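Here is the structure we will look at.
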2 protein chains.
Amino acid sequence: MTVPATTVRLLLADDHPVVRAGLRAVLETEADFEIVADVPTAEQAVRLAAECDVDVVLMDLQFGGRMLGSQATAEITARPGGPRVLVLTTYDTDADILAAIEAGATGYLLKDAPPQELAAAVRTAAAGRSALAPTVALRLMDRLRTPATALSRRETEVLQLVAEGHSNAAVSKRLFLSQATVKSHLVHIYAKLGVDSRTSAVAAATAQGLIRR
Amino acid sequence: MTVPATTVRLLLADDHPVVRAGLRAVLETEADFEIVADVPTAEQAVRLAAECDVDVVLMDLQFGGRMLGSQATAEITARPGGPRVLVLTTYDTDADILAAIEAGATGYLLKDAPPQELAAAVRTAAAGRSALAPTVALRLMDRLRTPATALSRRETEVLQLVAEGHSNAAVSKRLFLSQATVKSHLVHIYAKLGVDSRTSAVAAATAQGLIRR
DNA sequence: TGCGGCATCAACCAAAGGGTTGACCTCGGG
DNA sequence: CCCGAGGTCAACCCTTTGGTTGATGCCGCA
């Protein structure tokens with residue numbers, strides 16, 4: 001049991017005022033934490049992470065506005081010597097988790113985590129080690145066990161649009177592809193998910209959390 | 001501008017520790033609010049609402065566990081002389097809103113609401129008047145303007161199966177119908193939802209909470 | 001260096017889904 | 001008592017989607 005002598009400097013990024021206040025309340029009680037600032041947008045998170053001296057950024061994935069949390073995460077972690085990013089979100093879909101980790105997040109927590117677990121994860125992240133919520137870790141294990149389930153980036157992108165109700169033609173325009181390519185992707189998707197139609201592919205993928213509802 | 005002389009006694013019900021802490025932090029600063037307790041389950045909310053002297057219950061809709069927030073809301077408001085219930089949730093789907101209001105909720109707020117709006121809504125609810133977030137109010141207006149949005153029982157049944165990935169043939173067998181009838185239902189569904197394909201119908205219906213995901 | 005996975009596209013055919021018209025039945029309310 | 005809405009079905013036609021084959025280029029890894 002070693003108590004870290006150094007204080008951990010934190011930046012909170014979440015578009016919900018209530019959640020920001022809650023994180024403040026929960027984390028401020030820890031003697032070795034110092035909350036530098038809390039911001040409501042991903043853009044401000046990127047800016048402050050660069051300007052201020054911050055050790056760990058607690059980052060939401062869903063912001064009401066344009067920029068995604070995963071995008072902000074990528075920009076922050078791209079800078080060498082920058083802060084660690086700890087993703088804190090409500091959902092635990094495969095797509096979100098993968099995106100966050102690929103973006104360079106050091107950890108992935110769910111918002112229903114108890115305060116002690118949260119504080120522990122922050123210290124773990126500050127030390128440079130990865131912090132994953134148990135549920136998240138399980139999902140990743142499953143993922144690795146059955147690599148067939150894993151859709152490629154492009155495939156996920158296509159399926160996401162299909163799930164939103166777009167036709168092949170609409171998807172092809174949206175992604176600057178020919179319809180042939182879209183169909184090709186879909187055939188691969190069907191094979192991976194073990195289905196034979198677009199609607200059942202969407203059903204299977206949402207059930208497995210591969211795409212966002 | 002009348003400042004209420006009486007203090008408003010509050011009960012917070014949310015399964016996220018962070019959100020509970022956030023609501024405490026935000027609402028405790030109001031001089032005329034007193035937070036009686038915060039609980040992590042719908043069941044405890046029902047029990048405490050009956051046992052303690054509470055004016056307003058701030059109720060989440062999604063609890064990790066079994067009981068739904070709307071169910072708890074119904075039980076609390078069923079008791080005469082009981083507290084008002086103010087629903088506070090992340091989502092603004094038609095189904096959720098309708099369920100909450102039918103369950104007897106006095107108001108419906110989104111979690112991204114600014115603190116001042118939140119406090120104002122609590123006072124409004126305490127006074128017995130209804131408090132709706134702007135977005136929510138808009139949704140209800142839309143709903144009333146186009147009553148066509150309501151699917152019939154049979155149509156919902158068909159669309160539910162379609163959403164699960166079944167083909168027209170599969171649906172017809174499942175419901176002991178001819179394919180012609182299934183198609184007929186689908187055409188009506190498209191018209192009501194303002195779409196022109198099964199996948200977009202599923203997307204629109206899930207967005208509006210007309211079917212289970 | 002060459003294999004395999006990913007992404008891209010074309011052309012084609014078969015099948016499923018989408019859209020229309022028209023019809024019959026039942027039930028509940030004006 | 002009749003009308004309208006919901007539910008059921010048939011026959012038809014056209015569009016979209018599904019499935020195949022085959023081909024190209026790129027990239028990473030063995």
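As the structure is a computational prediction, the values presented were derived from the model and not from experiment. Throughout, a chain's letter reflects where its sequence line sits, starting with A, and its residues are numbered from 1.
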Rounded to the nearest angstrom, tell me the gap between atom [atom1] in [X] and atom [atom2] in [N].
X	N	atom1	atom2	answer
A:L151	C:dG5	CG	P	16 Å
B:E155	D:dT8	CD	C1'	13 Å
A:Q179	C:dA11	CD	P	13 Å
A:H188	C:dT8	NE2	P	11 Å
A:H185	C:dG5	NE2	P	16 Å
A:L177	C:dA10	CG	P	11 Å
B:L159	D:dG7	CG	P	13 Å
B:F176	D:dC9	CZ	C1'	17 Å

Distance-only polar pair, side chains of [X] and [Y], donor-acceptor under 3.5 Å:
X	Y	result
B:Q62	B:T90	no
A:S70	A:T73	no
A:Q160	A:E164	yes

| query | Considering only side-chain heavy atoms of B:R154, which listed nucleotide, D:dC9, D:dT8, C:dA10, is closest? | reply | D:dT8
| query | Can a salt bridge be assigned to the pair A:R20 and A:D15 using a cut-off of 4.0 Å between side-chain N and carboxylate O? | reply | no
| Salt bridge between A:R24 and A:D38, side-chain N to carboxylate O under 4.0 Å? | yes
Phosphate contact ([N] OP1 or OP2) by [X] side-chain N/O below 4.0 Å:
X	N	result
A:S167	D:dT16	no
A:S152	C:dA7	yes
A:S178	C:dT8	no

| task | List in chain and number order the residues that pass salt bridge (Lys or Arg N to Asp or Glu O under 4.0 Å) with B:E157, two or more places apart in sequence or in another chain; answer none if no residue qualifies. | result | B:R154
| message | Restricting to salt bridge (Lys or Arg N to Asp or Glu O under 4.0 Å), what partner residues turn up for A:R47, sequence neighbours left out? | response | A:E51
| note | Whether each nucleotide of nucleotides 18-30 of chain D has a protein heavy atom under 4.0 Å at its base (B), only at its sugar-phosphate (S) or at neither (-) is summarised, 5' to 3', as BBB----------
| request: Please work out if B:T181 contacts a base, only the sugar-phosphate, or nothing of the nucleic acid, heavy-atom cut-off 4.0 Å. | output: base
